[in-house]
Amino acid sequence: MKRDYKYAMYVLALATTVALAAGVLVVTGEPGTDDTRHAQLDDTDVELLGDQDALTADERDRLPHLVWENENVRSYFDDPDALTFEVSERTTYDEDAGEFVPADDAVRVQVSPADERLPYAFVTVDLDEDTASLEQGFHSVDDVDIEFGEGMHRLTDDERDRIAELLLDDPDIEWEIKTLLDEPDAVDASVVDREGDVVSVTLAASDGHSSAVDADVDLASGSVENLSVSGALTVNVSESESVTVDTEADGNGTYVLSGNASETISADAVTNESVAGTTVEVTTPNETETSIELDDVTVSLVEHRESLSEHDPEEFAALVWASEDVRRYFDDPETIEMDVKQDRELDAETGEFTPTDTRTVRVTPTDDRLPSAVAVVDPAAETVTVKRGLPALEPVDLEFTDETSLVTDADRDLIEEVVRADEAASYTIQSQFDDPDELNATVTAATGDGPETVTVELAPPDVETASVSVTVDLENRTVTRSFVVFETLDIEVTDIEDGDYEIETAE
């Protein structure tokens, strides 16, 4: 699923991740599709798109092989069946002519899976020197939890799981999580509206990043529609409160945005190729961070949308940390983070969400996810009620089942060590199983000599409905992917007669 985005908001969102450091934002826009050719690389079919007039017939034959021989390029892809190579000319500025002209024997190639948006790589190919060099690449989104908050009462547990699955499977949502939201460990999902099976949701990073992604999810058809983005972006602009960022297409579907300073701006206006620019306004962040020194710990208090505007932040932090229900999850930390948000409730008369007297605070070590305590705090009543707490993942016995017979005892010990050390994997295990003493580890895949990577599904012995799938790179001692796997039942409806029906389930 690929959409034709012509709005400045999308251009700016993509630009923030492509070339901020260079001081000029370059964004790939609508590609040319004047010609299509195919090539074959081992077991991978390659479709050549874009500006192929810049290539001779011989160069079109050589280019896919030059790109794919580069190991840095291949590292972004995992045995793809089909790839798209989109070709565009490189240009240089001719001072005599006063314009940009094609660079001799150099083209730019965007490599991506067919009909997908991630992973992808930008490659510069020098056809004269027969070389290809990686400019930039994005991996697929690794492990992101979608956590429902505001409006979650409108959905059942199964509907929340289904919506999270559909959102993460959508290539455009995956792209926005990777680029606009900077691939956080967790994404907050708010249910904005619901009409029958169509649910409107807003996604935002749990770390308080002010950008957001809005989409409609149709539970009946399993589709994601009406995607839009908004929020604060960092681009190069002037120091004035209101500025115009010029956007100009260069003929290859590329927009160039430029300026002379760096500010945080909001870009809610839209534009298309017939408009010279769009106006953006400087905004202030909607979160504040305060460092508070208590007797035995330094607290980084992150306050969202002035949630403590009526209360003293230091008194609030002291109240939370004085709770034994909170402290019992932590072992004498030197620094912690408290992430505070204002609670809201639905007003039945107005149909709107209004602030309550309570705040929800998530307490974690600074720059870490475990241990974690989530509490509801009433500052006026001076009460702290822990809703959920997760300790750090302790050593756990892994009982291996390995039908591949490739995983050695040393590999098993290493897998246990790497999983415990990985922040995302340990958090996923704790979130799903809450401090297990023992886990069954079923090897589902082992690849490479040695092997190099091993995928295992982890679950306590008494749990049959869910597991955590973890892929471990044994050579680099890292977890490359971890996510929850839910077992489902096959449901068949039979004997439908006069409105009566019977449901048969098969394990």
Side-chain angles (χ1 to χ4, degrees), residues 78 118-119 139-147 161 164-165 168 174 177-178 181-187 205-207 329-331 337 362 364-374 388-402 404 406-448 450-461 463 465-487:
D78 185 16
L118 289 174
H139 291 284
S140 296
V141 170
D142 185 15
D143 182 43
V144 174
D145 297 326
I146 291 185
E147 300 176 350
D161 293 340
E165 178 186 12
L168 292 177
E174 182 188 28
I177 290 175
K178 181 76 176 185
L181 302 184
D182 198 21
E183 193 176 0
D185 294 326
V187 173
S206 296
D207 59 4
Y329 291 100
F330 301 87
D331 185 17
E337 179 175 291
R362 180 185 296 273
T364 59
T366 304
D367 300 325
D368 207 347
R369 298 183 66 183
L370 289 175
S372 169
V374 179
R388 187 180 189 190
L390 295 175
L393 184 63
E394 298 293 334
V396 58
D397 293 330
L398 299 186
E399 297 295 329
F400 275 83
T401 300
D402 178 20
T404 68
L406 296 176
V407 181
T408 66
D409 290 341
D411 292 335
R412 297 177 181 186
D413 292 340
L414 180 56
I415 289 172
E416 179 177 344
E417 176 186 338
V418 171
V419 168
R420 283 193 58 235
D422 184 81
E423 182 181 331
S426 60
Y427 182 84
T428 304
I429 292 170
Q430 285 290 55
S431 299
Q432 188 64 33
F433 303 124
D434 200 1
D435 210 19
D437 296 323
E438 181 181 345
L439 293 171
N440 289 335
T442 304
V443 178
T444 59
T447 59
E452 296 171 359
T453 63
V454 176
T455 299
V456 295
E457 288 195 7
L458 305 172
V463 175
T465 57
S467 62
V468 174
S469 178
V470 180
T471 300
V472 179
D473 184 333
L474 297 177
E475 287 192 331
N476 296 310
R477 296 173 175 260
T478 59
V479 173
T480 60
R481 187 173 177 85
S482 60
F483 57 92
V484 179
V485 179
F486 292 100
E487 299 294 334

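Quick note: residue numbers are just sequence positions, from 1.
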OG1 (T408) and CG (D411) are apart, to the nearest 0.5 Å, by 3.0 Å
Could you tell me whether the side chain of [Y] reaches within less than 4.5 Å of the side chain of [X], counting heavy atoms only?
X: Y329; Y: L390; answer: no
X: V479; Y: T471; answer: no
X: D397; Y: L439; answer: no
X: T428; Y: D143; answer: yes
X: I177; Y: L168; answer: yes
X: V418; Y: I415; answer: no
X: E457; Y: V468; answer: no
X: S469; Y: T455; answer: yes

Residues pairing under side-chain hydrogen bond (donor to acceptor under 3.5 Å, both in side chains) where one sits in residues 434-448, two or more places apart or in two chains, turn out to be T447-T453
- request: Could you please spell out the steps behind the side-chain hydrogen bond (donor to acceptor under 3.5 Å, both in side chains) verdict for N476 and T478?
  value: CA-CA 6 Å; N476 296 310; T478 59; 5.2 Å; no
For the side chain of D473 and the backbone of E475, is there at least one donor-acceptor N/O pair under 3.5 Å apart?
yes
Spell out, as yes or no, whether a donor-acceptor pair under 3.5 Å connects the side chain of D402 to the backbone of V407.
yes
Looking at every heavy atom in both [X] and [Y], which two are closest together, and how far apart are they?
X: L370; Y: A392; result: CB-CA, 4.1 Å
X: L474; Y: P451; result: CD1-O, 3.5 Å
X: P184; Y: V144; result: O-CG2, 3.4 Å
X: S140; Y: K178; result: O-NZ, 4.0 Å
X: Q432; Y: A466; result: NE2-CB, 3.7 Å
X: P391; Y: Q430; result: O-NE2, 2.8 Å

Inset, instruction - Using a strict 4.0 Å threshold on nitrogen-to-oxygen distance, state whether R477 and D422 make a salt bridge. - result: no
Handout entry: Pair R369 + E337, salt bridge at N-O below 4.0 Å
Key = no
TODO: Start with the C-alpha distance between E417 and R412, add both sets of side-chain angles, then the distance that settles salt bridge (Lys or Arg N to Asp or Glu O under 4.0 Å), and finish with yes or no.
DONE: CA-CA 9 Å; E417 176 186 338; R412 297 177 181 186; over 6 Å; no
| request: Check step by step if side-chain contact (heavy atoms from CB on, under 4.5 Å) holds for T480 and V472. | output: CA-CA 6 Å; T480 60; V472 179; over 6 Å; no
Take R481 and V470 through the side-chain contact (heavy atoms from CB on, under 4.5 Å) test and state the conclusion after the steps. CA-CA 6 Å; R481 187 173 177 85; V470 180; over 6 Å; no
**OP:** Decide side-chain contact (heavy atoms from CB on, under 4.5 Å) for S426 and E394; before the verdict, give the C-alpha distance in whole Å, the side-chain angles of both, and the deciding distance to 0.1 Å.
**Re:** CA-CA 9 Å; S426 60; E394 298 293 334; over 6 Å; no
- request: Given side-chain contact (heavy atoms from CB on, under 4.5 Å), test Y427 with D185 step by step and report yes or no.
  value: CA-CA 10 Å; Y427 182 84; D185 294 326; over 6 Å; no
Taken in chain and number order and not counting sequence neighbours, the residues that satisfy side chain to side chain donor-acceptor pair (under 3.5 Å) with T364 are none
